[in-house]
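It should be emphasised that the depicted structure is a prediction, and the values quoted were computed from it without experimental measurement. Numbering of ligands and ligand atoms starts at 1, following listing order.
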Amino acid sequence: MNKIAIIGANEYQRRLIRKAIEMKLEVHVFSWLHDRKHINSDISFHEVDVRMIDKILSICKSVDIDGVCSISSDLTNITVNYICNKLSLPSNPPNVLRLTTNKYLMREELLNNNAPVPLFSSNKDNINFNFPMIVKPTDRSGSRGVTKVTSKSDLSEAIKRSSQESFSNEIIIEEYIEGREYSVESFTLDGKHNILQVTEKFTTNAPNFIERGHLSPARINTEIKEKIFNVIKKSLNILGIITGPAHSEIRINNQGDIKIIEIASRIGGDFIGSDLVINSTGIDYLQLEIKRSLSINIDKSELQQKSLNNIMSYFFFSNEDQLNFNNIRHIVKLIDYKIINKPKLKVTDSSHRFGYAVFEVNTSDIELVIKKLNLDKN
Ligand SMILES: Nc1ncnc2c1ncn2[C@@H]1O[C@H](COP(=O)(O)OP(=O)(O)OP(=O)(O)O)[C@@H](O)[C@H]1O
Ligand SMILES: [Mg+2]
């Protein structure tokens, strides 16, 4: 039986764990103890901080692991990449991880190779662009420490907030890019970048841009789609991605100009990689990733779109959001719904969202649902 190691056990990683169990693999989960209670199936649970890479490596060696994978987190992606490289298991070279988990290095590499990125600087005394600007940590996710700054007087405070959130105290200041937001899910196999889906993203907008919901597939025409595919494939090449999933975030303005916000060399979180892709396209993204990690042969047909459904995710920040969802519940087909904890008074990053719904929408109802859920405020 193939032995798979899954790093982390958050909401999205638990979906990967369930998929591995469904595939009848021997599953080893590495995570903090408090995650254990969420996984009640027959797996081997190893209580460990996911950043303790050498401890995890040594357990993987001792159980003679065949593959290592994760989803949704840069932190666990770093661990996966480290172990895979040490054990000669399928993975990208370490430099890919360096570039895709540091927003500054990523920008530099993309800019040097003529990919479309915002102007940027690591230092407030060396800025060659105008307000508004975005200040963010180089190494965090979930919109932690991200602020839109519109005047010089607010810049220092935003930098302070960002550095405090940053693991390394490093920040990046960027030109603010106008436009709608999308993410692109891809899967690279045998050197070929396969684009699985383009997803539209709805956020709280300024100042913190926390994700409120998504729609797969995005409402874009074929011409824009082709443009996106070209930019993403070129950027994946620049970053050196030779295998596996990527989650690329972009903005497109009214003139159709694309700018890259960031690219992660892993499956995206927020239900995009785990729920939206499979329910909208029929492509089993999690299974693909598990198979690839284990070097199990993947047939071309597994990468082909089998269906075309409109799938949305919607996150509850307040009781009002939950009520709004209840009001449209009768016109959508529910896939998943969960209340995780009590609403927080102040939401400053995505960990403060208190519940969610994932659902299918008829094409003719998309505009109405987006309006009723107050998603389209851009
Ligand atoms: N240069 C920019 N111009 C305009 N908006 C930006 C820019 N950089 C970031 N944003 C906005 O802030 C959001 C979060 O930024 P980014 O993705 O870089 O941080 P993150 O912490 O990794 O967030 P997440 O994990 O939610 O993707 C983006 O999705 C986008 O809405
Ligand atoms: Mg992001």
TODO: Report yes or no: is the cationic atom of Lys148 (NZ for Lys, CZ for Arg) under 6.0 Å from the centre of the six-membered ring of Phe209, at an angle within 45° of the ring normal?
DONE: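 Geometry flag: not set, cation outside 6.0 Å or 45°.
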Open item on the list: Below 3.5 Å, N or O to N or O, backbone or side chain included: is there any such pair between Lys103 and ligand 1?
Closed with: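 Yes, Lys103 has an N/O under 3.5 Å of an N/O on ligand 1.
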- [ ] Could you tell me whether Val146 and ligand 1 have an N or O pair separated by under 3.5 Å?
- [x]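 No, Val146 has no N/O under 3.5 Å of an N/O on ligand 1.
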What atoms of ligand 1 come within less than 4.0 Å of a heavy atom belonging to [X]?
{"X": "Lys201", "result": "29 (O)"}
{"X": "Lys136", "result": "8 (N), 9 (C), 16 (P), 18 (O)"}
{"X": "Pro118", "result": "1 (N)"}
{"X": "Glu174", "result": "1 (N), 2 (C), 7 (C), 8 (N)"}
{"X": "Glu211", "result": "26 (O)"}
{"X": "Glu175", "result": "1 (N), 2 (C), 3 (N)"}
{"X": "Glu249", "result": "17 (O), 27 (O)"}

Heavy-atom count around [X] [atom1] within 6.0 Å, excluding the residue itself: above 12?
{"X": "Lys37", "atom1": "NZ", "answer": "yes"}
{"X": "Asn254", "atom1": "CG", "answer": "no"}
{"X": "Lys227", "atom1": "NZ", "answer": "yes"}
{"X": "Lys225", "atom1": "NZ", "answer": "no"}

Task: Sub-2.8 Å protein N, O or S atoms surrounding the Mg ion (ligand 2) - done: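 Correct list: Glu249 OE1, Glu262 OE2.
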Task: Hydrophobic cluster membership, Tyr104 vs Met106, 4.5 Å side-chain cutoff - done: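 Linked, Tyr104 and Met106 end up in one cluster.
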- [ ] Decide whether Leu196 and Ile232 are clustered together by the hydrophobic rule: side chain heavy atoms of Ile, Leu, Val, Met, Phe, Trp, Tyr closer than 4.5 Å, transitively.
- [x]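 No; Ile232 is not reachable from Leu196 via cluster members.
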Which residue owns the protein heavy atom closest to [atom], what's the atom, and how far is it?
{"atom": "atom 17 (O) of ligand 1", "result": "Glu262 OE2, 2.8 Å"}
{"atom": "atom 28 (C) of ligand 1", "result": "Glu181 OE1, 3.5 Å"}
{"atom": "atom 24 (P) of ligand 1", "result": "Gly142 N, 3.5 Å"}
{"atom": "atom 13 (C) of ligand 1", "result": "Phe209 CB, 3.6 Å"}
{"atom": "atom 10 (N) of ligand 1", "result": "Ile134 CD1, 4.0 Å"}

Test of understanding: given a 4.0 Å heavy-atom threshold, classify the contact between [X] and ligand 1 as side chain, backbone, both, or neither.
{"X": "Arg140", "value": "backbone"}
{"X": "Ile177", "value": "both"}
{"X": "Ile261", "value": "side chain"}

Task: From Glu170, Glu262, Glu165, residue fulfilling salt bridge (Lys or Arg N to Asp or Glu O under 4.0 Å) relative to Arg140 - done: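 Result for salt bridge (Lys or Arg N to Asp or Glu O under 4.0 Å) with Arg140: Glu165.
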Open item on the list: So which atom in Ile4 and which in Cys69 form the shortest heavy-atom distance, rounded to 0.1 Å?
Closed with: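 Looking at all heavy atoms of both residues, the closest pair is CD1-SG, 3.9 Å.
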TODO: Run down the list Ala206, Ser143, Pro137 and name the one with the heavy atom closest to atom 23 (O) of ligand 1.
DONE: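 Nearest option to atom 23 (O) of ligand 1, by heavy atoms: Ser143.
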Salt bridge [X]-[Y], side-chain N to carboxylate O under 4.0 Å:
{"X": "Glu200", "Y": "Arg219", "value": "yes"}
{"X": "Glu302", "Y": "Lys291", "value": "yes"}
{"X": "Glu289", "Y": "Lys19", "value": "no"}
{"X": "Arg180", "Y": "Asp376", "value": "yes"}

Could you give the side-chain donor-acceptor pairs of residues 309-319 under 3.5 Å, partners two or more places apart or in another chain?
residue	atom	partner	partner atom	Å
Asn309	ND2	Asn279	O	3.0
Asn310	ND2	Val361	O	3.0
Asn310	ND2	Thr363	OG1	2.9
Ser313	OG	His214	N	3.2
Ser313	OG	His214	ND1	3.0
Tyr314	OH	Asp321	OD1	3.4
Ser318	OG	Glu320	N	3.4
Ser318	OG	Asp321	N	3.3

Open item on the list: Within the 4.5 Å heavy-atom criterion, are Leu105 and Leu99 side-chain neighbours or not?
Closed with: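 The answer is yes; the side chains approach within 4.5 Å.
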